[in-house]
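Just so it is clear, the values below take in all heavy atoms, side chains as well, and ignore hydrogens, waters and symmetry mates. Lettering follows sequence order; numbering is per chain, from 1.
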There are 2 protein chains.
Amino acid sequence: MELSCKSEYALLALLELAAQFNCGEPLQIRQIAKRQEIPDRYLEQLLATLRRSGIVRSQRGAKGGYLLTREPWKITLLEIVSCIEGLDKRQAEVNSAPRTVEGNVVLDIWQEAREASETILKSYTLQDLADRRDAQRQLDLMYYI
Amino acid sequence: MELSCKSEYALLALLELAAQFNCGEPLQIRQIAKRQEIPDRYLEQLLATLRRSGIVRSQRGAKGGYLLTREPWKITLLEIVSCIEGLDKRQAEVNSAPRTVEGNVVLDIWQEAREASETILKSYTLQDLADRRDAQRQLDLMYYI
DNA sequence: GTATAACCCCGGTTCTCCACTTGGGATTGC
DNA sequence: GCAATCCCAAGTGGAGAACCGGGGTTATAC
């Protein structure tokens, strides 16, 4: 479960949508891309993936854009990342290989390590992320003064 | 910290060396490769990496081969994997990027998740792996009867 | 001292994936 | 109708993984 550029883009984009959540108006790809400095056509693909797994929904046409389907505190980081990173890939890998005893033992331990990091990611929501960011901004401001 | 083919090969090879540890005789690349069905020329590269970071040492010449430098219970899986996977790569990545506040916050959480899985990997030694394999073999045998 | 069995170094190849681009088509608001 | 917006599909360039091969160098056995 590594932090790829892909996942980070997705998280940053969702942070923008979280900020917009209260007003209920959709936010356009262009806007998000500009604010977070993400290549817009690439972001488009990521948002499509997020849409397919029900984390965001889209509104087509003029004045359209993207919205979160749920409140920011009901979306865990694990959900976001496993959607983007595509966890079915590994699942297939695990099932496919006819393993030796050694291989299986190794695999079990890796599974355990993976679950440990997933537990962390599951414990944070999008809201937590936004809160952390705001707290950090406050700190930065204090040091500046 | 994903389980690549590379890391698995390394672990399997080290398991063979661990079995050999007591008798103190070196084990040849060819032998290891044959037993674990690893392409020998590839394994050669991996063992070279393990040697450079002091996990194994080599004995050249006829009747040469590889040996563990330490007892199997003094080698953690984390050590093996970060040697093979090269953890300096990420470290550089972290230091290089001039990050935004959002990026830093995300990075912090990822760090936390990473540390959780590293804690697991640090808690297992090569000896533990060998013990687990043996236990599993016993189980398999019982089911067979 | 010479053959041999091993390690050592370096470069190339094939394949897959990531990050990104390009070129269209479909839908909606005005 | 037309501009703004999302939707779909394919392609590109570079990096790394998993190998393969050639040509050394070193140490042991005899």
Whichever of A:Gly61 and A:Ser7 has its nearest DNA chain C nucleotide further upstream toward 5': A:Ser7

Side-chain donor or acceptor of B:Thr69 paired with backbone N/O of B:Gly54 under 3.5 Å: yes

Candidates D:dC7, D:dG23, C:dA19 - which lies nearest the side chain of A:Ser4: C:dA19

Residue B:Arg41, side-chain atoms from C-beta onward, closest of D:dG21, D:dA17, C:dC7: D:dG21

Distance, nearest 0.5 Å, that separates SG of A:Cys83 from CZ of A:Arg51: 11.0 Å

Protein-nucleotide distance (B:Ile38, atom CD1; D:dA17, atom C1'), rounded to Å: 15 Å

Any B:Tyr66 side-chain N or O less than 4.0 Å from OP1/OP2 of C:dC8: yes

Any A:Tyr42 side-chain nitrogen or oxygen under 4.0 Å from OP1 or OP2 of C:dT22: no

Enclosure of B:Arg57 CZ (heavy-atom neighbours >12, cutoff 6.0 Å): no

From B:Lys6 atom NZ to B:Ile84 atom CD1, the distance as rounded to the nearest 0.5 Å: 7.0 Å

Which nucleotide in D:dC20, D:dA18, D:dC6 has an atom nearest any side-chain atom of A:Arg60: D:dC6

Any donor-acceptor N/O pair, B:Asp128 side chain to B:Thr125 backbone, under 3.5 Å: yes

Closest to side chain of A:Arg51, choosing from C:dC8, D:dC7, D:dA18: D:dC7

Whole-Å gap separating P (C:dA19) and CD (A:Glu85): 8 Å

Value in whole Å for how far the P atom of C:dC20 lies from CD of A:Glu8: 11 Å

Nucleotide C:dC18, atom C1' - distance to NZ of A:Lys6 in whole Å: 7 Å

No-H, no-angle donor-acceptor pair, B:Glu44 side chain to C:dC7 base, under 3.5 Å: no

Options C:dG24, D:dA18, C:dC8, nucleotide nearest the side-chain atoms of B:Cys5: D:dA18

Nucleotide nearest A:Ile29 (side chain, heavy atoms from C-beta), chosen from C:dT21, C:dC8, D:dC6: D:dC6

Closest to the A:Lys63 side chain, choosing from C:dC30, C:dC20, C:dC8: C:dC30

Relative orientation of the end axes in the helix from C:dG1-D:dC30 to C:dC30-D:dG1, expressed as an angle to the nearest 10° (five pairs per end): 10°

B:Asp134 versus B:Gln138, side-chain donor and acceptor atoms under 3.5 Å: no

Rounded distance in Å - CD1 (B:Ile84) to P (D:dA17): 11 Å

Closest to side chain of A:Pro39, choosing from C:dT21, D:dT28, C:dA19: C:dT21

d(CD, B:Gln28; P, D:dT26) in whole Å: 20 Å

Distance-only donor-acceptor test (3.5 Å): side chain A:Gln31, base D:dT5: no

In a table with atom names and distances, give each donor-acceptor pair under 3.5 Å that connects a side chain of residues 9-33 of chain B to protein atoms at least two apart or in another chain.
residue: B:Glu16; atom: OE1; partner: B:Arg35; partner atom: NH1; Å: 3.1
residue: B:Glu16; atom: OE2; partner: B:Gln36; partner atom: NE2; Å: 2.7
residue: B:Gln28; atom: NE2; partner: B:Gly64; partner atom: O; Å: 3.3
residue: B:Arg30; atom: NE; partner: B:Asp40; partner atom: OD2; Å: 3.4

Nucleotide D:dG16, atom P - distance to CD of B:Gln45 in whole Å: 15 Å

OP1 or OP2 of C:dC8 under 4.0 Å from side-chain N/O of B:Ser58: yes

Between P of C:dC8 and CG of B:Leu47, the distance in whole Å: 9 Å

Among D:dT28, C:dA19, D:dC7, the nucleotide that comes nearest once only the side chain of B:Ala62 is considered: D:dT28

Candidates A:Glu118, A:Gln111, A:Glu112 - the one meeting side-chain hydrogen bond (donor to acceptor under 3.5 Å, both in side chains) with A:Arg114: A:Glu118

